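All of these numbers come straight from a predicted model, not from anything done at the bench. Ligands are counted one by one from 1 in listed order, and the atoms in each one are counted from 1 as well. Counting begins at 1 with the first residue of the sequence.
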Amino acid sequence: MLKPREAVRVLKSYHPPLGNRQGLRLDFNENTVGCSPRVMQRLRTLDAEQLARYPEREPLEAVVASHLRIRAEELLLTNGTDEAIHLVCETYLEPGDEAIIVVPTFSMYEIYAAATGAKVIAVPAGEGFRFPLDGVLARINERTRLIAVANPNNPTGTLASTDDLLKIAAVAPQAALLVDEAYFEFCGETLLPEFRKFANLFVSRTFSKAYGLAGLRIGVLAGHPDQMHFVRPVSSPYNVNSVALACLPEALADQAYVQQYVDEVLAGRERLERELQEWGIRYWPSRANFVLIYFGSQAIAFISAMRERRILVRDRSSDHGCAGCVRITLGSKLQTDQMLAALREALEQIGIRQKVRG
Ligand code: PMP
């Protein structure tokens with residue numbers, strides 16, 4: 001019988017709860033209002049001839065590089081951040097190597113790293129889900145070939161400092177340090193140009209979140225040109241499809257649309273965090289477009305009370321250290337109004353009393 005590799009046979013799979021997502025989708029950290037109308041206009045102009053041709057990635061890489069103020073040879077467009085992670089794992093990891101992740105975090109680092117046969121070392125976050133610099137430093141050795149950090153992190157919303165990340169880059173030159181900035185637009189802090197000083201540093205970005213293009217699958221991997229030279233051939237030359245490539249310049253050009261959305265999300269995040277304080281509910285201050293909240297044994301009741309009001313939020317109970325935690329994505333001002341109204345009703349329904357006003 002045909003047998004897959006051992007590392008693949010024991011691989012965990014990622015099962016996002018995608019079925020039946022009727023209602024307001026505050027469960028996947030997506031953009032909740034959709035992309036710029038300019039992208040939709042461009043989509044409608046596409047013709048059969050454009051779909052018949054193989055996509056040409058390079059001209060768009062120049063456009064994205066100029067937007068990021070880096071050189072085209074320093075980046076690769078990818079099929080979402082997921083592919084960027086996959087490519088870094090495929091380029092640097094061999095069976096027996098070690099890959100360090102900080103848990104809880106986004107699942108795909110572990111999955112792609114483990115698929116290569118590398119050993120995944122999970123370092124637990126510190127108190128309040130703070131980035132565990134000392135814990136990571138303690139696990140670095142000569143077998144460490146990848147360190148993957150989501151910054152801000154998902155599902156906690158916490159941010160590792162640039163100093164901490166660069167310290168890691170400096171002490172582990174034998175390891176690729178992948179800093180996943182999927183939520184950059186909501187946070188504003190980046191390590192992007194630092195790969196010029198630290199050739200083992202990679203930074204990824206995505207158009208799935210603030211830009212509202214999760215369905216088109218477009219991401220960016222940026223790094224030192226000497227390293228990108230090795231990563232690029234590992235990807236398919238046609239990894240980003242022509243519809244995505246055609247839409248990308250419009251998405252980038254409409255910065256006002258993205259900024260407006262980000263501003264509404266940030267205002268909503270502040271309102272949600274204030275509301276939670278008033279109810280005396282524990283949450284972790286977030287730098288991203290979502291907030292992780294502790295409901296303890298009432299987590300499932302809260303999720304279903306929100307679902308009854310057609311608002312989808314995400315159970316994160318099975319993530320490391322997240323028992324009883326629920327993650328809520330923020331959207332537009334109107335959606336935040338709707339979410340907060342439902343949240344108040346849901347809290348009363350499950351028997352939580354407001355501390356400040358009530
Ligand atoms: N990185 C992080 C930290 C994420 O939270 C997500 C989406 N949940 C991704 C990457 C996936 O992004 P993409 O759609 O670009 O593959």
### Query
So, is Asp82 polar-close to ligand 1, with some N/O to N/O distance under 3.5 Å?
yes

### Query
What atoms of ligand 1 come within less than 4.0 Å of a heavy atom belonging to Gly80?
15 (O), 16 (O)

### Query
Going by an N to O cut-off under 4.0 Å, is there a salt bridge joining Glu110 and Lys12?
yes

### Query
What residue and atom, counting heavy atoms only, is the protein's closest point to atom 9 (C) of ligand 1, and at what distance?
Phe106 CZ, 3.4 Å

### Query
Salt bridge or not for Lys119 and Asp97, using N-O below 4.0 Å?
no

### Query
At under 4.0 Å between heavy atoms, which part of Met108 makes contact with ligand 1: side chain, backbone, both or neither?
neither

#### Entry: Main-chain N/O of Cys325 paired with Arg316 side-chain donor or acceptor, under 3.5 Å
no

### Task
State if Glu83 counts as touching ligand 1 under the rule of any non-hydrogen atom under 4.0 Å.
no

### Message
Within ligand 1, which atoms have a heavy atom of Ala182 less than 4.0 Å away?
### Response
1 (N), 2 (C)

### Task
Please answer: with hydrophobic residues joined when any side-chain heavy atoms are less than 4.5 Å apart, are Phe202 and Leu93 in the same cluster?
yes

### Query
Going by heavy atoms, is Lys209 under 4.0 Å from ligand 1?
yes

### Query
Nearest to atom 14 (O) of ligand 1, what protein heavy atom do you find, and at what distance?
Ser208 OG, 2.6 Å

### Message
Is it the case that ligand 1 has an N or O less than 3.5 angstrom from some N or O of Thr81?
### Response
yes

### Query
Is the closest basic N to carboxylate O distance between Asp337 and Lys333 below 4.0 Å?
yes

### Task
Give the residue, atom name and distance (to 0.1 Å) of the protein heavy atom nearest atom 15 (O) of ligand 1.
Thr206 OG1, 2.5 Å

### Options Asp180, Ile85, Asn154, ranked by nearest heavy atom to atom 2 (C) of ligand 1, top entry
Asp180

## Note on the structure
Logged contact type for Tyr183 with ligand 1, heavy-atom cut-off 4.0 Å, is side chain

### Message
I need the atoms of ligand 1 closer than 4.0 Å to a non-hydrogen atom of Ala150, numbered in the order shown.
### Response
3 (C)

### Query
Among Phe290, Phe106, Tyr211, which residue meets the ring-ring contact (aromatic ring centres under 6.0 Å, His included) test with Tyr183?
Phe290

### Task
Check each atom of ligand 1 against the heavy atoms of Arg217 and keep those under 4.0 Å away; list them by number with element.
13 (P), 14 (O), 16 (O)

### Task
Tell me yes or no: between the side chains of Asp315 and Ser317, is some donor less than 3.5 Å from an acceptor?
yes

### Message
With no hydrogens and no angle check, just 3.5 Å: does a side-chain donor-acceptor pair link Asn154 and Arg327?
### Response
yes

### Query
Does a salt bridge link Glu185 with Arg205, judged by any charged N lying under 4.0 Å from a carboxylate O?
no

